[in-house]
Amino acid sequence: MAVRTAVIPAAGMGTRFLPATRATPKELLPIYDTPALQFVIDEAAQAGCTRVVIVTSRAKPSIENYASAASTDKVAVTVVYQDSPLGLGHAVSCARQAVGDEPFVVMLPDEIMGDASLTKQLVALYEKSGKSSVGLKRVAAVEVSSYGNVKVADTKIGDATSVEILQVIEKPKPADAVSDIVIIGRYVLSPKTFEKLEQVKPSANGELQLTDALAMLASEHALLGVVSEITRYDTGTPMGLLRAVIEIALERKDIGPQLNSWLKEKFNK
Ligand code: G1P
């Protein structure tokens with residue numbers, strides 16, 4: 001079945017960005033002149049999605065205002081609400097009715113990708129295999145405990161980058177890490193994931209982890225991954241956002257050259 005819906009969890013309170021997030025949700029903070037949320041909506045459309053469902057909170061009415069202006073002739077953008085902050089797994093399950101009984105993409109808006117290639121690869125892998133597929137990346141050992149960590153099978157599937165995922169652990173202690181491969185914020189999930197989410201028990205902090213539903217899929221040999229070297233900006237912290245603004249602005253044809261010469265002038269003093 002074709003993958004036509006993208007779910008963007010955007011209900012978090014953005015406390016790392018206070019005081020900016022007193023009035024502006026972090027997903028709407030600008031990367032030069034474009035909110036992070038718009039980059040993710042554009043990526044979904046480029047990957048062939050015609051529907052975007054943003055999971056937000058009633059405490060963030062500007063997300064709904066933005067969504068109502070963000071639909072185009074290619075993509076319809078709507079919102080659903082997550083009324084309690086019960087974690088990523090709960091946020092995804094709040095989109096169940098809007099998604100329906102079909103596969104869907106999950107895109108975490110704290111991560112901006114250099115292009116839509118990873119999401120396109122994951123969609124293609126799902127459409128070929130019928131199995132949920134997640135974006136993966138190799139990181140330095142010290143970074144593993146900030147992510148969902150996966151153990152993959154030695155055999156590659158199809159092309160050089162697709163692998164079967166055998167085991168998934170959310171943010172392991174360094175001693176418990178199963179590899180140097182982690183989940184990055186792009187997933188293409190089968191509708192069966194919603195049933196698995198119903199069975200997930202709250203983790204120590206009371207949240208329902210999406211990773212625990214993925215672990216159930218992995219135990220049934222129903223989870224694949226693509227190990228990617230895509231350019232990725234982590235905009236989940238103020239420093240990450242600042243780097244993304246500078247790097248993305250430097251890439252732009254309209255302002256890149258001007259920014260580049262200003263930076264050179266500044267640092268050559
Ligand atoms: C979430 C997921 C984690 C994943 C990460 C990617 O964590 O729970 O498995 O590796 O996104 O950014 P968060 O960063 O929201 O704590």
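Counting starts at 1 for both ligands and their atoms, following the listed order.
Close approach of ligand 1 to Gly148 is summarised as follows: ligand atoms under 4.0 Å from at least one heavy atom of the residue are 3 (C), 4 (C), 9 (O), 10 (O). Taking a cut-off of under 4.0 Å to the non-hydrogen atoms of Glu111, the atoms of ligand 1 that pass are 6 (C), 12 (O). Using a 4.0 Å cut-off to heavy atoms of Thr211, the atoms of ligand 1 that qualify are 9 (O). Applying the 4.0 Å criterion to heavy atoms of Ile183 picks out, from ligand 1, the atoms 4 (C), 6 (C), 10 (O).
Classification of Lys137 and Glu229 as a salt-bridged pair fails, no side-chain N sitting under 4.0 Å from a carboxylate O. Comment: Lys201 does not engage Asp212 in a salt bridge, judged by the lack of any side-chain N to carboxylate O separation of less than 4.0 angstrom. Comment: Lys131 does not engage Glu164 in a salt bridge, judged by the lack of any side-chain N to carboxylate O separation of less than 4.0 angstrom.
Of the protein's heavy atoms, Glu170 OE2, 2.6 Å lies nearest to atom 8 (O) of ligand 1. What sits closest to atom 16 (O) of ligand 1 on the protein, heavy atoms only, is Lys171 NZ, 2.6 Å.
No N or O atom of Leu108 sits closer than 3.5 Å to an N or O atom of ligand 1. Every N/O-N/O distance between Arg232 and ligand 1 stays at or above 3.5 Å.
The closest side-chain donor-acceptor pair between Glu207 and His90, if any, does not fall under 3.5 angstrom. Side-chain contact check for Asp42 and Gln46: no donor-acceptor pair (N or O, by modelled atom type) lies under 3.5 Å. Checking Tyr66 against Glu27 by side-chain atom types alone, no donor-acceptor pair falls below 3.5 Å.
Contacts between Leu210 and ligand 1 below 4.0 angstrom, taking non-hydrogen atoms only, are absent altogether.
Evaluated for a side chain to side chain contact (heavy atoms under 4.5 Å, CB included) with Leu136, the options Ile184, Val182, Val163, Leu224 yield exactly one hit, Val163.
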